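Working notes, structure below.
Chain identifiers are assigned alphabetically (A, B, ...) following the order of the sequence lines, protein sequences preceding nucleic acid strands; residue numbering begins at 1 within each chain. Treat the numbers as computed from the prediction; the structure is a model and nothing was measured.
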There are 2 protein chains.
Amino acid sequence: MENKRELFQSMVKRFGLLNKNCCTVDDVEISLVQSHILYEIDRREWPSMQQVADALATDLSTFSRQVQSLMKIGLVTKVPSSADKRISVLGLTEEGQKVALAIQRDMEEHLEEIFSHMTEFEQDMVLQSIKLLNEAMAKSSVCCKPMY
Amino acid sequence: MENKRELFQSMVKRFGLLNKNCCTVDDVEISLVQSHILYEIDRREWPSMQQVADALATDLSTFSRQVQSLMKIGLVTKVPSSADKRISVLGLTEEGQKVALAIQRDMEEHLEEIFSHMTEFEQDMVLQSIKLLNEAMAKSSVCCKPMY
DNA sequence: ATAAATACTTGCAACTTGCAAGTTTATTTT
DNA sequence: AAAATAAACTTGCAAGTTGCAAGTATTTAT
C-alpha cells in the first residue's frame, strides 16, 4: 500500500517527457514553458499578466519576459486594458491559436494512444481518479496554489 | 469525456508545486532537480552516472555538474568502479541519506494529507489508476524513456 | 596493434530564473 | 484636492541551468 511517492514521481516524470515532445508545430518551435503559457491564455478570456503568472506559479518578472519573446515570434498579443491602464490583457494571435490548437491535438492524440493500452473500464476509472485527485489536491492545505 | 489534457496538466502542475516545497531539510536547501537526483541514487544500488542521467532524461554533461555540486555540499559520493575505471559509481553520504529520507517522509506526509480528502474506496481506486497509467505509458510508443 | 566505442568532464554560449529597484496608473487617506 | 499607499507591470542584475561540441581516459572490437 505504500510507495505513493514513487508511483506519482514516475507518472509525473513520464508526463513531463510527453509534454516536452509536443512543442514543435510547422516551423515554429517553442519551449515547454511557452506552450504552457499559450495553453493558459487560450483557456481564459483575455487574462491579465498577473492572472496567468499566478496560474503558472511564475514570478511576474520572468513571465513578463516570456511574454515578450512570445510576442516577438508573433504568437501572443498584449494590449493595455482600457478600464485600468496598469493592466495588460493577453491574447493569442491567429498564428498563436493555430499553434495552441496543434499542440492540443498532439497531446490529445498521445493521451489517446496511451489510453489505448487500457480497457474501457480502466480508462474510465483512470479519468475518474484524476478528477478525484485534482479535487483532493485543491482541498489540500499543503499544495497547489494555481486556481484551476 | 474529453479534455484529458486539461485534467493531466492540472494534476501535474499541482504535483510539481508540491514537489517544489519539499526541498529544505535542516539547514540544507536543495533544488528540485537535486532532490530528484538524491531520490534516484537512493533507490538504486550504486548506479553509474549514465544510469541516473538516463533515468532523469538529462544530458550527461549537465548531470555531471549537478553531481559535482551535490558532492561539494557533501550529500553524494562518486567513486570510480574497480571493474571498469571509466564508470563512476554514485552513492549517498550519511548526510545525503538523511536528506533523502527527510524529503521522502515529507512527500509521503503531504500525499497522505491529500489522500485524506478521499474515501478509502477512492484512495484505492486512485492508486490503482496511477499504476495502470504508468503501465500504459510504459507500453506507449510516444513517450517516456525512463525505465522505472 | 589499431580503431572504434563507452563513460565521463570541461568550455562555451544561450537561456531561465527571482530579487530588488524603477515606472506608471489607481485607490486610499487625510 | 493633495499626498501616501498600493497594484500591475518592466528592467538590471547576478546566479544558476541547459545542451552541444570537443576533449580525456579506459575498454572492447578488429
Side-chain angles (χ1 to χ4, degrees), chain A residues 13 16-17 19-21 23-24 28-38 40-41 44 46-73 75-91 145-147, chain B residues 13 16-17 19-21 23-24 28-38 40-41 44 46-73 75-91 145-147:
Chain A
K13 184 86 203 170
L17 290 175
N19 250 329
K20 249 185 200 166
N21 299 331
C23 300
T24 307
V28 185
E29 186 165 347
I30 63 176
S31 73
L32 182 58
V33 183
Q34 289 176 323
S35 85
H36 283 146
I37 295 175
L38 294 189
E40 290 298 331
I41 295 177
R44 288 179 157 73
W46 304 110
S48 70
M49 304 265 294
Q50 274 293 355
Q51 281 168 8
V52 181
D54 282 351
L56 294 171
T58 308
D59 189 86
L60 191 59
S61 70
T62 303
F63 183 70
S64 169
R65 278 181 268 249
Q66 281 162 344
V67 167
Q68 282 168 29
S69 66
L70 284 169
M71 281 170 39
K72 197 173 291 174
I73 58 178
L75 301 182
V76 163
T77 60
K78 190 181 74 178
V79 295
S81 157
S82 49
D84 184 338
K85 285 174 194 155
R86 293 171 303 178
I87 294 177
S88 288
V89 166
L90 298 174
K145 285 126 208 156
M147 56 301 234
Chain B
K13 185 84 204 172
L17 290 176
N19 250 328
K20 249 186 199 165
N21 299 330
C23 299
T24 306
V28 186
E29 186 165 347
I30 63 176
S31 74
L32 183 59
V33 182
Q34 289 176 322
S35 86
H36 283 146
I37 295 175
L38 294 188
E40 289 298 329
I41 295 177
R44 287 179 158 74
W46 304 111
S48 71
M49 304 264 296
Q50 275 292 355
Q51 282 169 7
V52 182
D54 281 352
L56 294 171
T58 308
D59 190 84
L60 191 59
S61 70
T62 303
F63 183 71
S64 170
R65 276 179 270 248
Q66 281 161 345
V67 167
Q68 283 168 29
S69 66
L70 284 168
M71 282 170 39
K72 197 174 289 174
I73 58 177
L75 301 182
V76 163
T77 60
K78 189 181 74 177
V79 294
S81 157
S82 49
D84 184 337
K85 284 172 195 157
R86 292 171 305 177
I87 294 177
S88 288
V89 166
L90 298 173
K145 286 125 207 156
M147 54 302 235

Atom CD of B/Gln66 and atom C1' of C/dT9 are separated, to the nearest Å, by 14 Å
Report yes if some heavy atom in the side chain of B/Gln34 is under 4.5 Å from a heavy atom in the side chain of B/Ser69; otherwise report no. yes
Atom CG of A/Leu32 to atom C1' of D/dG19: distance rounded to whole Å? 16 Å
Identify, with sequence neighbours excluded, every residue that meets salt bridge (Lys or Arg N to Asp or Glu O under 4.0 Å) alongside A/Arg65. none
Nucleotide D/dT17, atom P - distance to CD1 of B/Ile30 in whole Å: 12 Å
Residues which pass salt bridge (Lys or Arg N to Asp or Glu O under 4.0 Å) with A/Asp59, listed by chain and number, not counting sequence neighbours: none
So do the side chains of B/Lys85 and B/Ser81 get within less than 4.5 Å of each other, counting heavy atoms only? no
Heavy-atom protein contacts under 4.0 Å, nucleotides 9-15 of chain D, coded B base, S sugar-phosphate only, - none: BBBBB--
Are B/Val89 and B/Lys78 packed together at the side-chain level, in the sense that at least one heavy-atom pair is separated by less than 4.5 angstrom? no
